[in-house]
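What follows is a single structure, written as structure tokens, with notes after it.
Just so it is clear: chains get the letters A, B, ... in the order the sequence lines come, proteins before strands, and each one is counted from 1.
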Amino acid sequence: MTKYDLGIPELDKALGGIQSGTNVVLVGPPMCGKDILVKQILHAGLRDGDGVILVSTGEPGESIFKWCEQHKLGIENYKNRFGIVDCVSKTLGMDVSDTQNIKRASSPVDLTGIGVKISQFFEQFYVKDKLSKARLAVDSLSTMLMYSNLQTVFRFLHVFTGRIKAADALGIYVLEAGMHDDKTVATLKKLFDGVIEIKEENGEFFIKTAGMGSTPGKWMKYEITGPKIVIKGD
Amino acid sequence: MFETGIPKLDDYLSGGIPSGKSLIYHTQPGVEGDIFGMQTLYWNLHKGHKGVYVASNSAPYAVKGRFKEFGWNVEKFDQLSIVDCFSALMGADSSERYVVSNPEDIVAIDDAISKAMENAAGGVIVFESLSTIMDHCGEKETLKYMEKWKKYSTAYDNVVICNFTAWPYAKSTLKRIKELFDAVITISGIAKRVIFGQYYGVSKVNWVAKSQKRSISFKVLRPGGVKIFIPKVLVTGPYNAGKSSFIHAISSRAISVDRLGTTVAMDHDFIDHKGFTADIFGTPGQERFDPLLRMLSGEAMGVFLLIDSTKPSTFPRAKKMLEMTRAHGLPYLVVANKQDLPDALSVNAIRKKMKIPESVPIISASVAKKQGVFEAFETLIDMITKAI
């Protein structure tokens, strides 16, 4: 059975690898490094030879590549396996077309277009490039929920969490804590097999995992160091 | 009658869509279906018809940009108007003629669409995404208004065309949609672990007496739009019949793996001609490659048999190669090459000598002079699409 690592040794050790076909929601308050964690998980995928797709509702594709270059992630070695679905550039009025790595949806409302672009990257990775593993991250569901109602986003996720299972891939979905009512969070959680939860206490950040076939983890303290988060103990 | 501009679809619809009728491009999520509505709109604008595009997923400039991706400049058409059901969602201003101030209010959308339909009497109304309007305004409410817009289209001689992404809506909604539209074109992907390859088919059309449910695979080209795609066509024939030259003649970028001018591995190329595309594979003619020929012919959809009209001595070998490739009754035709040479046998003589049935076309060709090659391609594609 294929397994996936998050690229955070302490969490990976506790989880013993995540089963393929798993969909995980990453919940945390603003400014706690969720976007960095997402990139860290995707970067781990690139190092493992996975195809990697990032659906970005907040940052244009070019900025993401620039960030990776600034942090010397060696992204240029993996460029044919890293695809970004950019839902931002076209809403900013930028006159940009698709590149090999960046496909653009019209807006975060355009779930049809986002779905098409995700599928195209999957096809490229599995059919053309003959990869056997892929990870998809959606950053973030919260932005999608600003423009579409819960039911609409639920339907979209219902389809794509299913595709993750069928493709033996790993799905990571970011949700801002405190931005949605309990019903929204409860409804969305039904779609996921596991949770990575982040909290902030007295200016310190903690992370824990639940679900994903293992016993619930304990809270671990972490710090953001450059392009990644580093566990600093319990 | 309005044509769809989608290759083969107008044939399946008996020429196109009669005015007052409605058609829905019913697309599986993840498959590139919204291009169908765009292509139909562009085709009709190009023919001089009026057009309305109801933009619900994209800002108007992004809409125009998307058309441009396919090589279609819609800005030159004065008779196109956009109903902007998007900008207000983003809090952006809009300079379009029809702006919906609240895209989550079906009454506001109806107000704009009704006006646009009246002004575009005798034209084509294309919805960028009916599903998005349903998501924002409610499924039942939207479909209720769709009934109204259908009545308008009868009154104003419009046709209504909707892109629709078939998210997992309530069964009753999906059923209602199939009832509501006069034609339903289903656009799907072939899914194993992931979706690869896409095809469309006519699921319903109520103005054609005997409609056949066909499916046909397509590719979306940029530029170019929707093209019928034949995944595998073989070019076979004896040594030196002109197979590689044939592939080169119908394509501009073939690479053959030659050794001293003879193909020792295989030619492969992608052909894009008059709305049709195909992956075409040339087979080597020498007998020592026969196992490769058998292997290559798996999943082929049609065969060109190339022969040298001046060398009847190679005809038995040609027939043998044909037998190896088309064990399952694939459509095929014979390309009688080198017809420009003085000692070439006539098509009739070739038919007799090779005992080719009357039903199989023999195309007179001179590949070197590019004569007959496109006729051969079009004829075989026609045979393949009829056989699907």
Side-chain angles (χ1 to χ4, degrees), chain A residues 20-21 51 53 87-98 103-128 131-134 136 146-160 162-169, chain B residues 25 27-35 37 55-66 68-69 85-93 103-104 128-139 163-170 173 187 189-198 220 222:
Chain A
S20 60
I53 307 163
C87 316
V88 191
S89 298
K90 284 198 178 177
T91 62
L92 300 176
M94 292 158 76
D95 185 20
V96 281
S97 47
D98 287 4
K103 295 182 192 288
R104 305 186 209 259
S106 297
S107 68
V109 181
D110 181 18
L111 299 180
T112 297
I114 296 171
V116 169
K117 308 293 177 189
I118 293 173
S119 298
Q120 287 173 346
F121 278 126
F122 266 117
E123 183 183 356
Q124 183 191 319
F125 295 153
Y126 280 69
V127 182
K128 293 203 188 87
L131 304 180
S132 56
K133 285 169 73 203
L136 165 75
M146 281 166 63
Y147 299 106
S148 301
N149 59 40
L150 173 61
Q151 220 185 348
T152 302
V153 174
F154 184 89
R155 278 192 291 257
F156 169 83
L157 286 173
H158 181 86
V159 170
F160 282 93
R163 298 266 167 88
I164 291 290
K165 278 192 174 39
D168 294 321
Chain B
Y25 291 121
T27 305
Q28 181 187 3
V31 178
E32 199 162 18
D34 55 350
I35 160 81
S56 49
N57 285 351
S58 339
Y61 63 80
V63 167
K64 290 165 195 163
R66 273 211 75 201
K68 265 192 204 132
E69 279 178 33
C85 287
F86 177 82
S87 297
L89 281 177
M90 298 281 147
D93 291 333
E104 293 177 327
E128 179 178 39
S129 172
L130 181 65
S131 22
T132 301
I133 298 179
M134 280 169 45
D135 292 340
H136 285 151
C137 303
E139 298 164 32
N163 289 324
F164 174 74
T165 306
W167 298 109
Y169 291 107
T173 302
I187 300 163
I190 303 157
K192 267 189 188 161
R193 284 176 77 193
V194 297
I195 291 181
F196 64 100
Q198 21 198 21
V220 176
R222 290 177 167 75

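- When heavy atoms are compared at a cutoff of 4.5 Å, Phe156(A) approaches chain B by way of both its backbone and its side chain.
- Residue Gln28(B) touches chain A through its side chain alone, counting heavy-atom pairs closer than 4.5 Å.
- Using a 4.5 Å cut-off between heavy atoms, Ile114(A) makes no contact with chain B at all.
- For Ser97(A), no part lies under 4.5 angstrom from a heavy atom of chain B.
- Interface summary for chain B: among Ser148(A), Ala169(A), Ala105(A), Ser119(A), the most heavy-atom pairs under 4.5 angstrom belong to Ser119(A).
- Contact annotation for Gln120(A): only side-chain heavy atoms (C-beta onward) come within less than 4.5 Å of a heavy atom of chain B.
- Under the 30°/60° scheme for interplanar angles, the aromatic rings of Phe125(A) and Phe121(A) are found to lie parallel.
- The parts of Tyr169(B) that come within reach of chain A are both its backbone and its side chain, each placing non-hydrogen atoms under 4.5 angstrom from that chain.
- Contacts between Phe196(B) and chain A at a heavy-atom distance below 4.5 Å involve backbone atoms as well as side-chain atoms.
- Only the side chain of Lys117(A) comes within less than 4.5 Å of a heavy atom in chain B; its backbone stays farther off.
- Interface residue Glu69(B): only side-chain heavy atoms are found under 4.5 Å from chain A.
- Your options are Ala134(A), Gly113(A), Ser107(A), and the one with the most heavy-atom pairs under 4.5 Å with chain B is Ser107(A).
- With a 4.5 angstrom heavy-atom cutoff, Thr27(B) does not touch chain A via any of its atoms.
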Requested in this report: Could you walk me through whether Lys103(A) and Glu32(B) pass salt bridge (Lys or Arg N to Asp or Glu O under 4.0 Å), step by step?
Outcome: CA-CA 13 Å; Lys103(A) 295 182 192 288; Glu32(B) 199 162 18; over 6 Å; no
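- For the set Thr132(B), Asn163(B), Ile195(B), Asp135(B), the entry with the most heavy-atom pairs within less than 4.5 Å of chain A is Asp135(B).
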